[in-house]
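In listed order, ligands and their atoms are each counted from 1.
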Amino acid sequence: MKATVRTICNRDCPDACSIVATVENGRVTRIRGDKDHPITRGFLCFRTSLFLSTQYAPERLTTPLLRRNGDFHPIAWDEALDLAADRLMTIRRESGPAAIFHYRSGGSLGVLKRLSDYFFEKFGPVTIKRGDICSGAGDEAQMVDFGEEDSHDIFDLLHARNIVLWGKNVFTSSPHLIPILRDAVSKGARLVLIDPVHQKTAALCESFIQPRPGGDFSLAMAIAGLLFENGWIEQEVGTYCDHLEDFRRLAGRRSVLDWCRDADVPVESALDIARRLGRDKPTAILVGWGMGRRVNGGAIVRALDALGAISGNLGIPGGGVSFYFKRRGPFDLSFVGGAATAPRTICEPLFGPEMLRLKDPPVRAVWITAGNPVAMLPESETTVRALDQCEFVVVVDSFLTDTARLADLVLPTTTLLEADDLLGAYGHHWIGVARPVVPPPAGVKSDLGIIQELAARVGLEEIMKADAREWKRRIMAKHLGPHGVTLETLEVGPIRNPIPPKILFEDRKFFTASGRVNLIKEAPATETPPAEYPLYLMSLSTERAQSSQWATPPEEYAVATVHPDAAEGIPDGELGLLESRVSSLTVQVRHDAKQRKDVVLMAKGGHFHRGQCANALLRARTTDIGEGGALYDERVRLVAR
Ligand SMILES: Nc1nc2c(c(=O)[nH]1)N[C@H]1C(S)=C(S)[C@@H](COP(=O)(O)OP(=O)(O)OC[C@H]3O[C@@H](n4cnc5c(=O)[nH]c(N)nc54)[C@H](O)[C@@H]3O)O[C@H]1N2
Ligand SMILES: Nc1nc2c(c(=O)[nH]1)N[C@H]1C(S)=C(S)[C@@H](COP(=O)(O)OP(=O)(O)OC[C@H]3O[C@@H](n4cnc5c(=O)[nH]c(N)nc54)[C@H](O)[C@@H]3O)O[C@H]1N2
Ligand code: SF4
Ligand SMILES: [Mo]
């Protein structure tokens with residue numbers, strides 16, 4: 001028997017593709033992109049095209065594992081959940097619910113994953129995370145400036161004369177933007193990439209600017225200075241921006257040449273961007289998520305918001321400063337109180353250090369779902385220590401990840417082809433339902449199933465009752481219901497979320513207290529680069545992996561790519577040692593003359609137990625605003641072994 005089933009990819013990716021799966025005799029034999037989905041356009045990314053090898057990997061967990069005398073032993077689900085319920089209730093009784101930490105990350109972006117938060121809130125409320133390792137600084141920047149964070153309709157890019165990809169690697173992280181960018185080019189748009197790293201997207205663009213990492217604030221100030229000098233400022237700017245004079249003074253603190261020197265960019269490049277923004281409108285700025293992941297990341301995104309504002313590119317077709325699409329917007333998740341309800345919070349980028357520091361009560365239990373903090377959060381060794389010291393660590397995952405290896409109890413869960421959920425996207429406005437393409441293998445339960453069975457053991461059966469479809473209905477009713485969109489509508493196929501307008505802030509009314517754009521007034525603090533660590537460690541997305549989930553087996557050693565002049569004499573292909581202030585890794589050095597001499601590139605998501613994890617080298621540090629992770633500001637040195 002052969003059948004075709006559609007679902008939505010739930011990975012932490014802006015694209016939220018519609019997947020068409022072929023199922024033969026209960027086994028998925030093929031997956032491809034849906035031709036009918038206007039964003040997916042019939043193709044999937046490299047990593048998910050290869051997902052069947054993950055789905056059917058021999059390493060996939062199909063039974064709960066309990067640690068006894070140091071080793072994992074398979075146990076039955078009833079035993080596992082009885083034990084979990086017992087331990088959690090004991091800890092709650094003895095130390096209060098704050099002694100339990102529920103940590104959920106982006107393994108799946110399905111909105112029903114929020115039900116795990118809901119359960120723990122009702123069981124506690126317990127300690128939860130605050131801030132956001134991925135986009136904390138950028139989110140906060142846009143909220144502070146505009147009072148709202150969303151984007152123009154993605155197809156509005158077809159109206160742009162210029163598109164500035166500011167720190168954005170579309171080939172790796174949002175491949176479904178590429179056809180739209182190509183269409184925009186065929187309609188006359190001109191593309192620019194601004195990125196310290198020479199990456200594939202440069203080939204798509206007519207111009208490529210390669211500033212020093214984090215030099216973007218200075219570059220933005222140079223551009224602002226040129227906009228003011230040349231009078232390329234929107235006439236009515238005073239009617240929709242606050243602090244215009246302060247912003248003008250900020251840009252005027254240094255000469256354009258000085259700002260450009262600091263950014264390590266020629267003045268002509270700054271002038272080129274200023275012209276596009278101020279004279280050759282409309283110009284859309286697409287800000288990459290990586291842009292915020294540095295010490296001054298919030299200030300950088302705020303500076304880009306300001307450029308869009310003063311040049312008059314906000315609220316017009318073909319313009320906008322886009323960082324994020326409000327993927328949860330159409331869904332009503334207000335039944336979870338979150339940080340406002342929690343007795344305390346742990347800053348996500350400071351996971352390890354804060355867990356170790358907390359007393360009264362200490363964190364005695366941690367429940368980790370859809371996340372791999374050992375591999376993905378900075379300062380891995382501290383994270384390992386924090387989990388080692390915690391008396392009861394539960395990890396819900398499909399694989400024995402770096403984090404699951406440290407658990408007391410591992411609970412096997414479903415994959416993206418077994419997911420039953422609702423999805424929005426952070427790279428466009430389409431929404432859809434994920435449906436199990438195949439049922440999970442025997443011995444595997446969905447996150448919802450696990451939580452429901454746990455709830456039944458701790459007296460919360462009633463609140464978690466209802467199957468996935470009923471939860472979907474409840475979550476859709478409030479905002480989508482009035483637009484006539486029901487679960488049945490979405491089950492026919494993905495639709496564009498009917499709520500957001502095509503043009504954001506069309507009337508130049510913003511959602512700040514004053515209704516105007518809040519222009520940045522202050523420059524961020526600067527750090528003096530330490531001479532003994534000359535390289536910025538940029539551990540970036542690779543097309544071969546979804547964070548720590550690799551689609552192809554990694555090499556024996558983590559690869560570190562540098563300009564040949566920065567290789568410290570280590571030949572291409574040979575091993576070297578990459579040292580930071582907190583740790584060191586053996587890496588295979590690769591030369592690339594297109595890179596700057598002050599960066600070293602690694603893939604994010606390398607496994608800690610294989611000695612390949614960039615996060616072992618990073619100190620846990622937050623961004624200037626929004627409690628994001630300053631992931632790309634760690635300085636390292638390469639030395640011979
Ligand atoms: N294949 C693959 N795709 C992914 C992921 C993955 O792991 N693998 N991860 C997913 C996740 S979690 C997310 S959040 C998204 C986004 O994932 P991200 O990796 O954040 O994607 P981008 O924002 O496209 O890429 C970041 C770009 O910002 C640049 N950058 C870094 N610092 C600076 C700087 O100081 N200045 C400038 N101008 N640029 C800078 C980097 O060089 C890089 O090219 O993608 C998702 N897509
Ligand atoms: N050095 C460095 N560190 C980074 C980044 C970087 O660029 N550089 N990027 C950061 C970013 S942008 C992000 S978003 C984070 C990502 O950090 P994480 O969200 O921790 O990333 P993953 O490694 O994908 O871990 C997700 C886990 O969820 C599991 N999983 C998948 N589906 C499900 C499911 O349905 N249920 C459950 N329970 N589990 C599931 C997967 O098997 C996987 O082990 O990492 C951040 N860390
Ligand atoms: S990971 Fe992203 S690009 Fe790849 S299939 Fe899923 S949604 Fe599409
Ligand atoms: Mo992310």
Side chains of [X] and [Y]: donor-acceptor distance under 3.5 Å anywhere?
X      : Y      : value
Asn372 : Ser105 : no
Trp430 : Asn497 : no
Arg47  : Gln546 : yes
Thr552 : Arg544 : yes
Asp139 : Ser135 : yes

Indicate yes or no: at least one non-hydrogen side-chain atom of Leu578 is less than 4.5 angstrom from one of Leu537.
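Yes, close enough: below the 4.5 Å cut-off.
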
So which atom in Phe43 and which in His176 form the shortest heavy-atom distance, rounded to 0.1 Å?
O-NE2, 2.7 Å

Looking only at heavy atoms, what is the nearest atom pair of Pro179 and Arg41, with distance?
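The answer is CB-NH1, 3.4 Å.
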
Metal environment of atom 6 (Fe) of ligand 3, protein N/O/S under 2.8 Å:
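Counting only protein N, O or S atoms under 2.8 Å from atom 6 (Fe) of ligand 3, the list reads Cys9 SG.
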
Distance under 4.0 Å, heavy atoms only, partner ligand 1: which residues pass?
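Shell around ligand 1 (4.0 Å, heavy atoms): Asp12, Pro14, Arg47, Cys134, Trp166, Gly167, Lys168, Asn169, Thr172, Ser173, Ile194, Asp195, Pro196, Val197, Gln199, Pro213, Gly214, Asp216, Gly288, Trp289, Gly290, Met291, Arg293, Arg294, Tyr426, Met538, Leu540, Ser541, Thr542, Glu543, Ala545, Gln546, Ser547, Lys604, Tyr632.
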
Please tell me whether Trp289 and Tyr324 form a close aromatic pair, meaning their ring centres lie under 6.0 Å apart.
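For Trp289 and Tyr324, the ring centres are not under 6.0 Å apart.
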
Find all atoms of ligand 3 within a distance of less than 4.0 Å from any non-hydrogen atom belonging to His176, and give their numbers and elements.
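Result: 3 (S), 8 (Fe).
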
Distance col, row Met291:CE vs Leu165:CG, nearest 0.5 angstrom, shows 13.0 Å

